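It should be emphasised that the depicted structure is a prediction, and the values quoted were computed from it without experimental measurement.
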Amino acid sequence: MPKTDDLVLFAQVAECGSFSKVAEINSLTNSVVSKRIKKLEESLGVQLLYRTTRKLTLTDAGRTLYQGAKNVKQAADEAFDAVAGLGESITGQIKISVPTISGELLLAEAVAAFCGQYPGLNIDMSLDNRFVDLIDEGFDLVIRTGYLEDSSLIARHIIDSQWVVCAAPSYIARHGRPQHPIELKQHNCLQYAYQTTGASDWEFKGEHKNQVIKVAGNFSTDNPIALRQGALSGHGIAYVPRCLVYDDLMQGVLVDLFPDQVGKKLGIYAVYPFTRQPPKKVRLLIEHIRNKYLAIQHCF
């Protein structure tokens, strides 16, 4: 069954005659618009558009569908307009999910401060490393680290998070300091289970492309705070986001073993469901969070 959002998108394409114009209206890329129209065609089993380098033209099936789709679009526009005033008010509730590192490092305080600015607003914040389903679980906003694959979501880039390989001076004193990433295979490597790649696959910069070193160790965890503590206690070498251990590195209680050599850098994004315009309270919260990240960007 086609999604209502895709019918609205198709009606916009039919009216504008251009993927690029529709992409600009909805803050999407041309490829996302094209893929969603193609998916709509596949779900219906018909071709809706003739595509040439100069223009888009509706097929007979496309013209038939447009008659119904434009009614869906009109109803959606009327509904949006009816609640536009509500969307501009800074009251009610926002349900948000953030990764544990971001929550404990920065966002718990930042979100609480935002609530203090708007007494009529309540925020329900979940600290969770899994990729929650925004639509099914009713989230208004999610902070994600990694890659965005769902084209029905909008993502705003906030900052990039560089990873480091580090160990305590006590571990280095007992086992020596590896001079090259390949030597990590002879060390006890503490593993973070919530990487998008495998926990034992550590990425380093190469001459032509990044290389992955497969490591091993006697401890893995899905909790980054526990991983940091294991490294601080001298039990092994950790591969973690720099922001998690920035203060430890500055104080010398952890040592960055391969400065400028670690190849892993992930974007941090504010993600929300595809809508014509997110409510003002969500837009303001995204901007507030972004400013908080930028204020400590030296940690990343």
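E183 and P178 make their closest contact through OE1-CA, 3.4 Å (heavy atoms, listed as atom of the first residue, atom of the second, distance). Taking every heavy atom of both residues into account, Y66 and A14 meet most closely at CD1-CB, 3.6 Å. Taking every heavy atom of both residues into account, V98 and G103 meet most closely at CG2-CA, 3.9 Å. Minimum heavy-atom separation, S170 to G234: OG-CA, 3.6 Å. Scanning all heavy atoms of the two residues, the minimum distance from Q47 to A61 falls at O-CB, 3.8 Å. In terms of heavy-atom proximity, N30 sits nearest to S20 at OD1-CA, 3.2 Å.
Rounding to the nearest 0.5 angstrom, the gap separating the OH atom in Y269 from the CD1 atom in I143 is 12.5 Å. The line from OH of Y192 to OG1 of T221 is 8.5 Å long, rounded to the nearest 0.5 Å. Taking CG of L284 as the reference point, atom CD1 of I289 lies at 11.5 Å (rounded to 0.5 Å). Atoms CG and CD, on L232 and Q251 in that order, are 9.5 Å from each other to the nearest 0.5 Å. Here the CD atom belonging to Q297 is positioned 13.0 Å from the OG atom belonging to S161, to the nearest 0.5 angstrom. The structure places CG of L65 at 9.0 Å from CG of L58, a figure rounded to the nearest 0.5 Å.
Residues I101 and C243 are in side-chain contact: their nearest non-hydrogen atoms beyond the backbone lie under 4.5 Å apart. In this structure, the side chains of K265 and Q162 come closer than 4.5 Å at one or more pairs of heavy atoms. Between V46 and T59, every side-chain heavy-atom pair lies at or beyond the 4.5 Å cut-off. For the pair V165/I237, a side-chain contact is recorded, criterion being any heavy-atom separation below 4.5 Å from C-beta on. Contact check for L249 versus C166: side-chain heavy atoms found under the 4.5 Å cut-off. In this structure, the side chains of W202 and L184 come closer than 4.5 Å at one or more pairs of heavy atoms. Two residues are said to be in side-chain contact when any heavy atoms from C-beta on lie closer than 4.5 Å; L285 and I96 meet this criterion. Annotation: side chain of E203 is in contact with side chain of Y239 (closest heavy-atom distance under 4.5 Å).
In this structure, R36 pairs ionically with D6, as a charged nitrogen and a carboxylate oxygen lie closer than 4.0 Å. Taking 4.0 Å as the cut-off between side-chain N and carboxylate O, D201 and K214 count as a salt-bridged pair.
Under the 4.5 Å side-chain heavy-atom criterion for grouping Ile, Leu, Val, Met, Phe, Trp and Tyr, I123 is connected to L127 within one hydrophobic cluster. By the rule that hydrophobic residues join a cluster once side-chain heavy atoms approach within less than 4.5 Å of another member, V212 and F258 end up as members of separate clusters. By the criterion of side-chain heavy atoms lying less than 4.5 angstrom apart, applied directly or through intervening Ile, Leu, Val, Met, Phe, Trp or Tyr residues, I296 is grouped together with Y293 in one hydrophobic cluster. Transitive grouping of hydrophobic side chains (ILVMFWY, heavy atoms separated by less than 4.5 Å) brings I159 and I154 into a common cluster. By the criterion of side-chain heavy atoms lying less than 4.5 angstrom apart, applied directly or through intervening Ile, Leu, Val, Met, Phe, Trp or Tyr residues, L9 is not grouped with Y50; the two fall into different hydrophobic clusters.
At distances below 3.5 Å, at least one donor-acceptor pair connects side-chain atoms of E41 with backbone N or O atoms of L49. Put simply, the side chain of S102 never gets that close to the backbone of P99: no donor and acceptor are under 3.5 Å apart. A distance-only check finds a donor-acceptor pair linking the side chain of N188 to the backbone of N218 [under 3.5 Å]. Using a distance-only test at 3.5 Å, with no hydrogens or angles considered, a donor-acceptor pair links the side chain of H180 to the main chain of I182. Judged by distance alone, with hydrogens and angles left aside, the side-chain atoms of R242 form a donor-acceptor pair with the main-chain N or O of F300 at under 3.5 Å. Remark: side-chain polar atoms of T64 are paired, donor with acceptor, to backbone N or O of D60 under 3.5 angstrom. Counting only distance, with no hydrogens or angles, the side chain of R177 and the backbone of L257 share a donor-acceptor pair below 3.5 Å. Between the side chain of R63 and the backbone N or O of L48, no donor-acceptor pair lies under 3.5 Å.
Few gaps surround CD on E15; more than 12 heavy atoms of other groups in view lie less than 6.0 Å from it. Within 6.0 Å of the NZ atom in K38, the count of heavy atoms belonging to other residues, nucleotides or ligands does not exceed 12. Within a 6.0 Å radius of NZ in K21, no more than 12 heavy atoms belonging to other residues, nucleotides or ligands are found.
Note on ring orientation: taking the six-membered ring where Trp is involved, the planes of F114 and H288 are tilted (angle from 30° to 60°).
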Original post:
Does the pair R290 and E287 meet the rule for a salt bridge (Lys or Arg N to Asp or Glu O under 4.0 Å), with working shown?
Top reply: CA-CA 5 Å; R290 179 175 178 273; E287 194 62 29; 3.6 Å; yes
Original post:
For Q93 and N122, what are the C-alpha separation, side-chain angles and deciding distance, and is it a side chain to side chain donor-acceptor pair (under 3.5 Å)?
Top reply: CA-CA 5 Å; Q93 185 168 2; N122 295 311; over 6 Å; no
**OP:** Kindly indicate, with the supporting measurements, whether the criterion side chain to side chain donor-acceptor pair (under 3.5 Å) is fulfilled by Q12 and N26.
**Re:** CA-CA 10 Å; Q12 289 178 319; N26 294 287; 2.9 Å; yes
